[in-house]
Structures are given as C-alpha cells and as structure tokens.
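Quick note: numbers below take in every heavy atom, side chains included, and nothing from hydrogens, waters or symmetry partners.
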Amino acid sequence: MGFGLLFLGWTTLLGLRMIPPLNIIGCLVMLKGLTKLETYGFQKAKISCTALLGYHVLYTVLWLLDLTNLFNVFSFSAAVYADALLYPAFLITYALFLYKALGGISKQVEFEKGIKREKSCTSLAIVLAFFLIVQIVIPFINPLQAYSRYLTFAVTLFQYVWIIFSGIYIYSCYMMIATQEIIDDENKKIREYDQKNAFKKLKNKK
C-alpha cells in the first residue's frame, strides 16, 4: 500500500543530514510510497515531500562543492542561517501534511491509536519548530549565548525523539491498515475463486 516505503524513507532522517545523499534516497523512497497512497488523501504530503527532496538535492550539491574544496557556501553566516530556517520549514511542513493524511486514513478504517497519534505527533512537531526558532535566535542575545550549546544538545535529542515517535506512527499504520488491506484483498480473491468454482460445478452437473 505504500506505508512500508514511507517508513523506510522516514528512517533516513535519523542521520540528521550527516550524509546528505542518503536524504535524497530517503525522499525518493517516501515519494514512491506516497504515490501509492495518493488516492487516499496523501496529495499534499506528496507535494511537500517533493519540495523537501528539491531542498535536499540543493543542499547535497553545495555539500559536495564544499567537500571537493570548489566552493564553501557554509563559510557565509547568511547561508548557514538560511539553511537553519529553510530546512526545518520544509521538513516540518511535510511532517504536518503527512500526519494529517495518516490521521484521515486512520479515521476511515477506525484505527483509534492512529487518530490519537496524529495529535501527539503534530504537537511534537510544533514544539520542535518552537525550539529550533529559539536555537536560531539565542546567539543574537548576549546574556543567553552561554546556554547555546546546551540548547543545541537538547534540540538534537528532541529531534531524535520526534523522528522515532513519528516513525512508530507510520509503522503502526503499516501494521494495522496495510495488513488489513492485504487480508481483505486475499479474502476477495478467495471469494472470487469460490464463485468461479461454484459456477464450474453447476455447469458440470448440467
């Protein structure tokens, strides 16, 4: 159904962009999963994931230029701050659309935990966005500069918690929704098989 690919792609976020090409692969895998889920209300999630992919491609190109000593854009503080604002904006926007879609499909199949987890993950994403903004602003406030490294550590830890919790949400949908679809599909095939055989038996009796 696409949830397995979505979960697999999401796990690449645990790398926190330490290996940028891995994030491109992760986005491509998620896009493949979202394409399969598109008819279930995942269109906006797919569009925002495409935007995130585009940003990862740009970041990877700049990272490779820096790695090969051709051009170090990260030596400019403006570029660093732009990245600190834009990347979370793309990522959290995608996550919020994804949660909305997962919550919607959870309601359709009456998966109660999925409905509750949409709210929990959305709250975590909003809290993360707040702390990321604080992290960007603190270096400009002299009395708080001494606490910058502690906040960076806390935010990094919180990001891992958020990514893992969101991954659990996606995986739970994979287990509860996708598995049920497979069961329904198998039951449908069995019914069709029984109907065909019943028709053949009637013909043979005649």
Side-chain angles (χ1 to χ4, degrees), residues 6-31 34 44-45 47-67 72-103 116-173:
L6 197 54
F7 172 74
L8 186 63
W10 183 267
T11 58
T12 61
L13 294 174
L14 287 167
L16 297 182
R17 295 199 299 169
M18 286 185 282
I19 307 173
L22 183 64
N23 296 117
I24 294 176
I25 295 167
C27 278
L28 288 171
V29 172
M30 284 191 283
L31 275 173
L34 289 166
K44 289 180 180 178
I47 292 167
S48 55
C49 187
T50 303
L52 180 63
L53 170 63
Y55 193 80
H56 277 309
V57 170
L58 175 62
Y59 184 85
T60 301
V61 170
L62 296 173
W63 176 77
L64 288 170
L65 288 172
D66 178 38
L67 197 67
N72 184 11
V73 70
F74 303 112
S75 63
F76 300 99
S77 58
V80 174
Y81 281 112
D83 176 61
L85 283 169
L86 291 173
Y87 174 66
F90 280 112
L91 178 59
I92 292 171
T93 299
Y94 164 58
L96 292 174
F97 280 127
L98 180 61
Y99 300 150
K100 189 72 177 174
L102 290 172
K116 291 176 182 177
R117 281 176 181 159
E118 178 203 345
K119 295 175 182 177
S120 301
C121 286
T122 300
S123 298
L124 283 174
I126 292 168
V127 172
L128 176 62
F130 172 76
F131 279 119
L132 286 169
I133 292 168
V134 172
Q135 186 182 22
I136 293 167
V137 171
I138 271 188
F140 297 100
I141 305 171
N142 288 328
L144 299 176
Q145 285 178 359
Y147 301 99
S148 182
R149 71 175 72 177
Y150 301 110
L151 181 64
T152 299
F153 175 77
V155 170
T156 302
L157 190 63
F158 190 84
Q159 272 185 286
Y160 276 116
V161 171
W162 171 65
I163 291 167
I164 291 168
F165 195 81
S166 298
I168 291 169
Y169 183 21
I170 297 167
Y171 188 75
S172 68
C173 290

Check: How long is the span from the CH2 atom in Trp162 to the CG atom in Leu124, to the nearest 0.5 Å?
Finding: 9.5 Å
Notebook entry, point to check: Is the His56 to Phe90 ring centre distance short of 6.0 Å?
Noted result: no
Margin query: If I take atom CG from residue Leu98 and atom OG1 from residue Thr93, how far apart are they, to the nearest 0.5 angstrom?
Written below: 12.5 Å
Checklist line | Met30 vs Tyr94 side-chain heavy atoms within contact, under 4.5 Å | finding: yes
Note to self: Counting the benzene-type ring for Trp, do Phe158 and Phe130 have ring centres under 6.0 Å apart?
What the structure shows: no
Margin query: Restricting to side-chain contact (heavy atoms from CB on, under 4.5 Å), what partner residues turn up for Phe131, sequence neighbours left out?
Written below: Val127, Leu151, Val155
Next item on the list: Say whether, by atom type as modelled, one donor and one acceptor occur between the side chain of Trp10 and the main chain of Ile163 under 3.5 angstrom.
Entry: yes
Notebook entry, point to check: Do Thr12 and Ile25 have side chains that get closer than 4.5 Å, going by heavy atoms?
Noted result: no
Note to self: To the closest 0.5 Å, what do you measure between CZ (Phe97) and CG (Leu102)?
What the structure shows: 13.5 Å
Notebook entry, point to check: Any chance CG of Leu64 has more than 12 other-residue heavy atoms, nucleotides or ligands included, within less than 6.0 Å?
Noted result: yes
Margin query: If you define the side chain from C-beta out and look only at heavy atoms, does anything of Lys100 sit under 4.5 Å from Lys44?
Written below: no
Next item on the list: For residues Leu91 and Leu13, determine if any side-chain heavy atom of one lies less than 4.5 Å from a side-chain heavy atom of the other.
Entry: yes
Notebook entry, point to check: What's the spacing between Cys121 SG and Ile168 CD1 if we round to 0.5 Å?
Noted result: 8.5 Å
Next item on the list: Indicate yes or no: at least one non-hydrogen side-chain atom of Ile92 is less than 4.5 angstrom from one of Ile126.
Entry: no
Next item on the list: Check whether any side-chain heavy atom of Leu6 lies under 4.5 Å from a side-chain heavy atom of Val29, and answer yes or no.
Entry: no
Next item on the list: Could you tell me whether the side chains of Tyr169 and Ser120 share a donor-acceptor contact shorter than 3.5 Å?
Entry: no
Check: Considering only heavy atoms from C-beta outward, does the side chain of Asp66 approach that of Leu62 to under 4.5 Å?
Finding: no
Margin query: Distance alone, cut at 3.5 Å: any donor-acceptor contact between the side chains of Asn23 and Tyr55?
Written below: no
Notebook entry, point to check: Does the pair Phe74 and Tyr59 meet the rule for a ring pair (Phe, Tyr, Trp, His ring centres under 6.0 Å), with working shown?
Noted result: CA-CA 10 Å; Phe74 303 112; Tyr59 184 85; 5.5 Å; yes
Checklist line | Atom pair CG/CD1 of Leu58 and Ile24 - distance to nearest 0.5 Å | finding: 10.0 Å
Check: Going by heavy atoms in the side chains, are Leu14 and Ile164 under 4.5 Å from each other?
Finding: yes
Checklist line | Test item: Ser75 side-chain N/O and Asn72 main-chain N/O as donor-acceptor pair under 3.5 Å | finding: yes
Margin query: Let's go through Asp83 and Arg17 carefully: what are the C-alpha distance in whole Å and the side-chain angles of both, what is the deciding distance for side chain to side chain contact (heavy atoms under 4.5 Å, CB included) to 0.1 Å, and is it a yes or a no?
Written below: CA-CA 12 Å; Asp83 176 61; Arg17 295 199 299 169; 2.7 Å; yes
